[in-house]
Amino acid sequence: MRLALAILGSALLAAWGVGFAGPYEQQVLTIAGINALAVLGYQLVFGRLGALSLAQGIFFAVGAYATGLLATRWGLSFPVTFLVSILAPMLVALVVSIPVLRLGSHYFALATLGIAQLGTLVAVNWEDVTGGANGIYGVPEIAAFGQTVPVGSAMLVLVWGLVVFGVILFGLLTQGARGARLATLERSPLAAGAIGIDAGRTRLTLFLIGAGFAGAAGALQAHAVGVVSPAVARFDVMVAILAMAVIGGRGSALGAVLGAVLLTHLPEWFRAFESYYLIAYGVAVLATVILLPSGLAGLIRRTPARPPTRPPNWVATGPLAKSQTGFARPAGLARRPPATLTVAGAGKRFGGLIALEGVDLHISPGRIIGLIGPNGSGKTTLLNLISGLERADTGRVRLDAVDISGLPANHIARLGVARCFQHPDLPGELTAFEAVLAATPGDASAVDRAADSAADRAIGCLRELGIDMLASRRVSDLAAAEQRRLEIARALATQPRVLLLDEPAAGLGENERVDLARQLRQLAEGGLGILVVEHTMDFLLPLADRVVCLVAGRRVAEGEAAEVVRDPAAISAYFGEAPA
Ligand code: ADP
Ligand code: MG
């Protein structure tokens, strides 16, 4: 909806500009479109990754200078200069991304600010190339394939045509499952790793594409105004881009267009205030930020990804109908073959504290293993070691024969180890359907052998946990018990080969626990091996095939549930303090 509005609005603006605007207004609109392109790219980084980059302005300058230089010194044609102007800032972004993209938010902002300052210094002081304080004069109008694009109507149409193209590209990068993955990465970075999202690659991709957008904008500006002055490398450009993104609406393509058009025109409209114009401008900007914290585009609600309306083929047979193999599973919902997870001699210290020592664990397909132990006994730490959130000091973790110790969390997730968190870690602004959609394997995945689409699979997972009727509800509106189930549904969407749950029954009522136990049992009957960390014994003991008891990081007992409850070591350490 908002994307469609952005495209429609851009087309209407261009049409109005061509039909009704005078030359001056056409030029202002052209600059507004150029700004919209730079802001669109910025929305990918600042809006969707939530990373406050302060380098977007300097990427704009790199594009402008590249075009200025290549067009005036070497007389290269527009297709070449435009391409170089897009690639050059991407190259700069690639070089700086190596040290910068790993940094936490504040340091990332500071580091990109440093890059921006460096760029400004270069622009002003490297006079032989940049023309120093004078800049580069005589940038020609755009000419390609025997056509010239004179400033005025033609340039206006070209620029806004590129804005439309940019909005479509933006949509491709941020809609559906991709958008859900970005929201998960921004709001729940740990969960993002646990569902297989490669944070590093995602950040790099968007940072580079964002820089490319800025470069394209800089190139167009050089053609539109005919000069590249050092003002394009000033920090003001960055501030303007940031203000446009915030006022238009963070993370939204429509916001980029609205913010750019509004803030490019505001100085024109406030000319009448003469010397008070900056104050009027400032008040207008402040008022928007205070009155509309999610920007102008925030006035129109985001349209969430729509769950499939056509019922998938397995609905007719019932979601948990027994298949011929005897496993209860929805027909058509793809599963990977279950795997055996083996932990051998796992050890972890935090400073002087021994959180785990020499712990062995074995989860076979179709079995439910209970992991019990007093608070602080290392249960969550063990899950963190297995899923790659923490690095073990000693020991190995194997998935079937594959050694997964020390691999990054997203890699382990993609190999088939899924986990849920002690406190559900879900991005609140997504719908339940989108939260699960984020975890469906990407298009290129070899996992995707089934004919069912990612959307069908997401709904299928919600259905397995009995919450498909919540698909369109916002995650933040769900009750705690619903969120716990949603998190398990999301874990299932990764097509796990083994599933780790950290206190899934905490905070659930009696009936909800019975339901959850039944659903977990059905998953196990479908072949999945499950590890359940739990304190609620009336939930765990009937459910678990075997129980492992940890005390102070050591395994003190292991066996059938009934045996472990009678084990003296377990009783003294655990049941002794709070009889079950
Ligand atoms: P459980 O889940 O069994 O309650 P945890 O695995 O969360 O226990 O914690 C085990 C011990 O390790 C606790 O003493 C806890 O304080 C400590 N611990 C866990 N994570 C960290 C960490 N990141 N840094 C320092 N200490 C930690
Ligand atoms: Mg814990």
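Counting starts at 1 for both ligands and their atoms, in listed order.
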Worksheet item: Got more than 12 heavy atoms from elsewhere within 6.0 Å of CZ, R546?
Response: yes
Worksheet item: Do N375 and H535 have a side chain donor and acceptor closer than 3.5 Å?
Response: yes
Worksheet item: Any salt bridge between E487 and R490, counting N to O under 4.0 Å?
Response: yes
Item to complete: Output the distance between atom CD1 (I197) and atom CG (N410), rounded to the nearest 0.5 Å.
Response: 9.0 Å
Practice prompt. Answer yes if the side chains of S387 and R419 hold a donor-acceptor pair under 3.5 Å, and no otherwise.
Written response: yes
Fill in: Residues in ring-ring contact (aromatic ring centres under 6.0 Å, His included) contact with F46, at least two apart in sequence or another chain
Y42
Practice prompt. Apply side chain to side chain contact (heavy atoms under 4.5 Å, CB included) to P293 and list each qualifying residue two or more places apart in sequence or on a separate chain.
Written response: none
Output, or 'none' if empty, a list of ligand 1-protein atom pairs in which both atoms are N or O and the distance is under 3.5 Å, rounded to 0.1 Å.
residue, atom, partner, partner atom, Å
ligand 1, 2 (O), T380, N, 2.9
ligand 1, 2 (O), T380, OG1, 2.8
ligand 1, 3 (O), S377, N, 3.2
ligand 1, 3 (O), S377, OG, 3.4
ligand 1, 3 (O), G378, N, 3.0
ligand 1, 3 (O), K379, N, 2.9
ligand 1, 3 (O), K379, NZ, 2.8
ligand 1, 4 (O), G376, N, 2.8
ligand 1, 6 (O), T380, N, 3.4
ligand 1, 6 (O), T381, N, 2.8
ligand 1, 6 (O), T381, OG1, 2.6
ligand 1, 8 (O), G378, N, 3.3

Fill in: Whether over 12 other heavy atoms sit under 6.0 Å from Y107 OH
no
Response to the item:
Checking K379, M537, E534 against I372 for side-chain contact (heavy atoms from CB on, under 4.5 Å), the one that qualifies is M537
Response to the item:
Taking 2.8 Å as the strict upper bound, the Mg ion (ligand 2) has protein N, O or S neighbours numbering 2
